[in-house]
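Notes to accompany the following structure.
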Amino acid sequence: MALITKKEYNRDLSWLRFNHRVLQEAADDRNPLVERLKFLAIFSSNLDEFFKVRVSEIRKIKELDKPLRKKLITKPNRLLAKIKTQVDLQQKEFGKIFYTILLPALEKEDIFFKNIHELNDEGLAFAKAYYKKVKHLFEPMTDKAQTFIENEALYLVGHLKDDALIWVKISGNTSRFLEIPTSDKSSCIIFIDDILKLHLKEEFQTDFYSIKISRDAELYIDNEYSGDLLEKIKEALPNRITGQVTRALIDEMMPHKLLKAVEKELDINATDIIKGGAYHNFKDFFGFPKLGNKNLYFKDLPPVKHKELKSIENIFKAIDEKDQLLCFPYDSYDSVLNFIETAAVDPFVTSIKITLYRVSNDSTVAQALVKAAQNGKDVFVFIETKARFDEANNIKWGKRLEENGADVKYSYPGIKVHSKTLYIERNENDNPTCYAFIGTGNFNEKTATIYTDFSLITSNSKITSEILQVFQVLDRKLFLPKTKQLLISPFSTRSTFEELIKNEIKLSKKGEDAYITLKMNSLQDQDMIRLLYKANNAGVKIRLLIRGICCLVPRINGQSEHIKVTSIVDRFLEHGRIYIFGNGGKEKMYIGSADWMTRNLDHRIEVITPILDKDIAFKLRNILNLQLNDHIKGRLIDAKQENKYLNTNSDSELSSQYLIYKSLL
């Protein structure tokens, strides 16, 4: 059998293929119409972060000496060119979806996006009155743009007669959309951009064009690397102005002379330019006004009250009697909030320990921890201050917890804490009991309504005693945890998974049934991928469900013919991880916070728990089977990652997410 030479798909190009799956949801007419606009918003927001972080990293790596650069990325210039090609194609597809599919469909629902030149006299008068009302929020600027142009903010730029550039910031000043009154029941929407362009042209006698830049956020080095390699990279990086421009998204109608002036002012060149339509920052569609009938939106799926945990009074008793599994967003997050809030006031609870990775601004979880500290309980909180884009919230809550008596520890250099764990000690009538919470998602009640995640709550001493060791490591009271049940990165996760795969290889070579089933967000680690290839060549059946990056190349003879990969992008963001190994008929199942990326296996604190309760294992297996057989929102990930839907004709409400919800009612 012929072997292919390509062993892995590039992670950044694979990520772009994931974002293409998001774009497909905007085009999918099985989704409600206004929700398809939201998928455009998600696509846009994702792409902003990609340029801010990943493209920034590649550009920095270009500057390193060749020996060090080759350890990180081969031929970064070629990769950047491939990224630009992919993004250009996706931007064209994006424009086609918005202008030729969604806008005509909205018009059929009496929702009209109007260009300002299409407004009648009454509409123009209304727009002009609005401009006078908000004009003070849009102060023109003519200084050197490098000094004030904000990352990912939307601007209008024009060319004055003296060749100076004039910039007007749109983002964040007011709503992006203005509803113009009509004489009938239709809705007329106009972009604020158009109102500004018209009246700014009258004032400055020049046309204005949209532009949005992405800057280097310098968020990737500590996130991706550790140890000697991290220090070598930091030492090798030349001194550069923080926030170098990594992308300029412009109106494709921008005149050549203006474009060249912009390139000079921002210190960029043609390779940094992405041409789009007249309107950028589609993530503003997250704030699109609620218009039209309810059929234009996803129908409500009210979270289910967990049967065993819905009573606050019995929550500890319920966990004592049996391990409990929560499946978000289908199960109500109230169970988690009630668990922590009950612990905060329970007179028998003596200690609460928790890791916080991403907390919301008004976090109920953090407020409960403050209350627990005020009530004299021993509260230990480990806060990850390198949680991308959530640093401010995390630090704010850390200070407040410290002020109320909690023992707060923050992340330290060289390692990132990504685990989602909680430990509670309770002593009733001299009967000490410990509880552990291990999840795949953050302690964040807002993201719990849109991310699919799993959480295990248990009083099983085999698990709770080892969770305590995790917190002793975080508190620097223990250097090396010794665990038999939990997998803890960077100590035992990689080695345990390797042994589990090798065991399946051994079983298959003996002629026994051998299989591996994995659900995760990303699969990138080269060593794990090549071990899966070895398992394939030994005849192990491998089934993968990968939401995002998949660097493994499936269905190649002599490499991966026994490996099938699918991906689900749907209403909720798939975020849970499940790892299953056949183990000769004694199946082993785990859930946890780690993807199979090098950073999760080697550079972060991650916690993965075995599922010891047979009922929970059965429930998780049923959920996973629904997803593995999702022919509605599932895409086949082939060697080219073409993202073909498995079925484009069936009702969206037969997708796995809807079926899982119904199964939990």
Side-chain angles (χ1 to χ4, degrees), residues 6-25 42-43 45-58 61 72-74 76 79-80 82-83 85-87 90 219-220 223-225 388 416 418 440-441 451-453 489 493-494 497 518-533 542-556 560 563-570 573-579 592-604 606 627 633-644:
K6 183 176 179 180
K7 293 288 185 182
E8 286 95 30
Y9 201 97
N10 176 268
R11 67 173 277 183
D12 296 301
L13 298 179
S14 181
W15 184 92
L16 287 172
R17 300 312 297 155
F18 153 67
N19 212 30
H20 178 258
R21 295 193 281 278
V22 177
L23 195 55
Q24 285 179 311
E25 289 302 297
I42 296 168
F43 173 90
S45 179
N46 286 348
L47 198 58
D48 284 349
E49 182 173 337
F50 177 74
F51 273 90
K52 188 161 59 174
V53 180
R54 286 299 302 168
V55 173
S56 296
E57 176 180 358
I58 298 166
I61 287 171
L72 306 173
I73 295 179
T74 303
L79 176 57
L80 287 170
K82 288 181 178 179
I83 288 171
T85 298
Q86 279 288 314
V87 171
Q90 290 182 11
L219 296 169
Y220 46 82
N223 192 41
E224 294 290 338
Y225 309 109
R388 188 184 298 169
K416 189 170 185 175
H418 189 246
T440 66
Y451 290 13
T452 73
D453 275 303
S489 298
T493 303
R494 180 186 290 277
F497 279 139
L518 305 171
K519 169 183 164 62
M520 60 184 75
N521 300 335
S522 299
L523 173 57
Q524 164 271 328
D525 184 78
Q526 187 177 85
D527 291 339
M528 300 305 291
I529 290 171
R530 293 189 175 180
L531 193 53
L532 288 174
Y533 289 157
I542 302 172
R543 185 67 171 87
L544 305 177
L545 183 62
I546 310 294
R547 184 199 79 208
I549 296 168
C550 182
C551 296
L552 179 145
V553 182
R555 297 304 199 192
I556 302 298
S560 53
I563 303 177
K564 182 178 180 180
V565 187
T566 54
S567 180
I568 293 172
V569 174
D570 200 351
L573 179 77
E574 291 293 334
H575 193 252
R577 293 95 168 174
I578 305 176
Y579 328 83
S593 58
D595 293 313
W596 281 13
M597 300 185 75
T598 303
R599 69 188 188 190
N600 300 102
L601 299 173
D602 297 337
H603 305 151
R604 292 181 170 190
E606 306 274 9
Q627 296 183 314
K633 291 299 184 179
R635 278 77 150 182
L636 182 68
I637 305 301
D638 58 14
K640 295 182 179 180
Q641 300 206 5
E642 292 179 323
N643 290 336
K644 292 180 180 177

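Note: hydrogens, waters and symmetry copies are ignored here, and every other heavy atom, side chains too, is used.
With a 4.5 Å cut-off on side-chain heavy atoms, Lys416 and His603 do not count as touching. Using a 4.5 Å heavy-atom threshold, the side chains of Ile542 and Lys564 count as separate. Side chains of Arg17 and Gln86 form a contact here, defined as non-hydrogen atoms less than 4.5 Å apart.
Between the CZ atom in Arg11 and the SG atom in Cys550 there is a gap of 13.0 Å [rounded to 0.5 Å]. To the nearest 0.5 Å, atom CD1 of residue Ile563 and atom CZ of residue Arg543 are 12.0 Å apart. Here CG of Leu545 is found 12.5 Å from CZ of Arg577. Values are rounded to the nearest 0.5 Å. One distance of note links CG of Leu544 with OG of Ser560; it measures 10.0 Å at 0.5 Å rounding. For the atom pair Thr493 OG1 and Arg604 CZ, the distance stands at 12.5 Å (nearest 0.5 Å). Rounded to the nearest 0.5 Å, atoms OG (Ser567) and NZ (Lys519) are 9.0 Å apart.
Closest non-hydrogen pair, Ile549 versus Ile546, comes out as O-CG2, 3.2 Å. Looking at every heavy atom in both residues, Tyr9 comes nearest to Val553 through N-CG2, 3.7 Å. Taking every heavy atom of both residues into account, Arg494 and Asp602 meet most closely at NH2-OD2, 2.8 Å. Shortest non-hydrogen contact noted between Ile42 and Val22 is CG2-CG1, 3.8 Å.
Remark: Lys644 pairs with Glu642 by the salt bridge (charged side-chain N to carboxylate O under 4.0 Å, His left out) rule, at least two apart or across chains. Partners of Asp48 by salt bridge (charged side-chain N to carboxylate O under 4.0 Å, His left out), not counting sequence neighbours, listed by chain and number: Lys212, Arg247, Lys283.
Arg635 places no side-chain N or O within donor-acceptor distance of the main-chain N or O of Phe18, the cut-off being under 3.5 Å. Under a 3.5 Å cut-off, the side chain of Gln90 and the backbone N or O of Leu16 do form a donor-acceptor pair. Judged purely by atom type and a 3.5 angstrom limit, Arg547 has no side-chain atom pairing as donor or acceptor with the backbone of Leu573. Side chain of Gln524 to main chain of Thr598: a donor-acceptor pair is present (N/O by atom type, distance under 3.5 Å, no hydrogens or angles). At distances below 3.5 Å, not a single donor-acceptor pair connects side-chain atoms of Ser14 with backbone N or O atoms of Asn10. Between the side chain of Asn521 and the backbone N or O of Gly548, no donor-acceptor pair lies under 3.5 Å. No side-chain donor-acceptor contact under 3.5 Å links Thr440 to the backbone of Gly592. The backbone N or O of Pro554 sits nowhere less than 3.5 Å from a side-chain atom of Asp638 that would complete a donor-acceptor pair. Counting only distance, with no hydrogens or angles, the side chain of Glu574 and the backbone of Tyr451 share no donor-acceptor pair below 3.5 Å. Using modelled atom types, no side-chain atom of Thr566 and backbone atom of Gly634 make a donor-acceptor pair closer than 3.5 Å.
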Practice task
Under the side chain to side chain contact (heavy atoms under 4.5 Å, CB included) rule, what do Cys551 and Ile529 come out as? Steps first, then yes or no, please.
Solution key: CA-CA 8 Å; Cys551 296; Ile529 290 171; 3.7 Å; yes
Practice task
Check the pair Asp525, Met597 against side chain to side chain contact (heavy atoms under 4.5 Å, CB included), reporting the backbone distance first and the verdict last.
Solution key: CA-CA 5 Å; Asp525 184 78; Met597 300 185 75; 5.7 Å; no
Handout entry: Step-by-step side chain to side chain contact (heavy atoms under 4.5 Å, CB included) determination, Leu79 to Ile83
Key = CA-CA 6 Å; Leu79 176 57; Ile83 288 171; 4.0 Å; yes
Exercise for the section: Verify side chain to side chain contact (heavy atoms under 4.5 Å, CB included) between Trp596 and Leu601, making sure each step is shown before the conclusion. Expected result: CA-CA 7 Å; Trp596 281 13; Leu601 299 173; 4.3 Å; yes
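The closest side-chain donor-acceptor pair between Asp595 and Asn600, if any, does not fall under 3.5 angstrom.
Between Glu49 and Arg54, none of the side-chain N atoms (NZ, or NE/NH1/NH2) sits under 4.0 Å from a carboxylate O, so this pair counts as no salt bridge. A salt bridge does not link Lys82 to Asp12: none of the charged nitrogens lies less than 4.0 Å from a carboxylate oxygen.
Note on ring orientation: taking the six-membered ring where Trp is involved, the planes of Phe497 and Tyr579 are tilted (angle from 30° to 60°).
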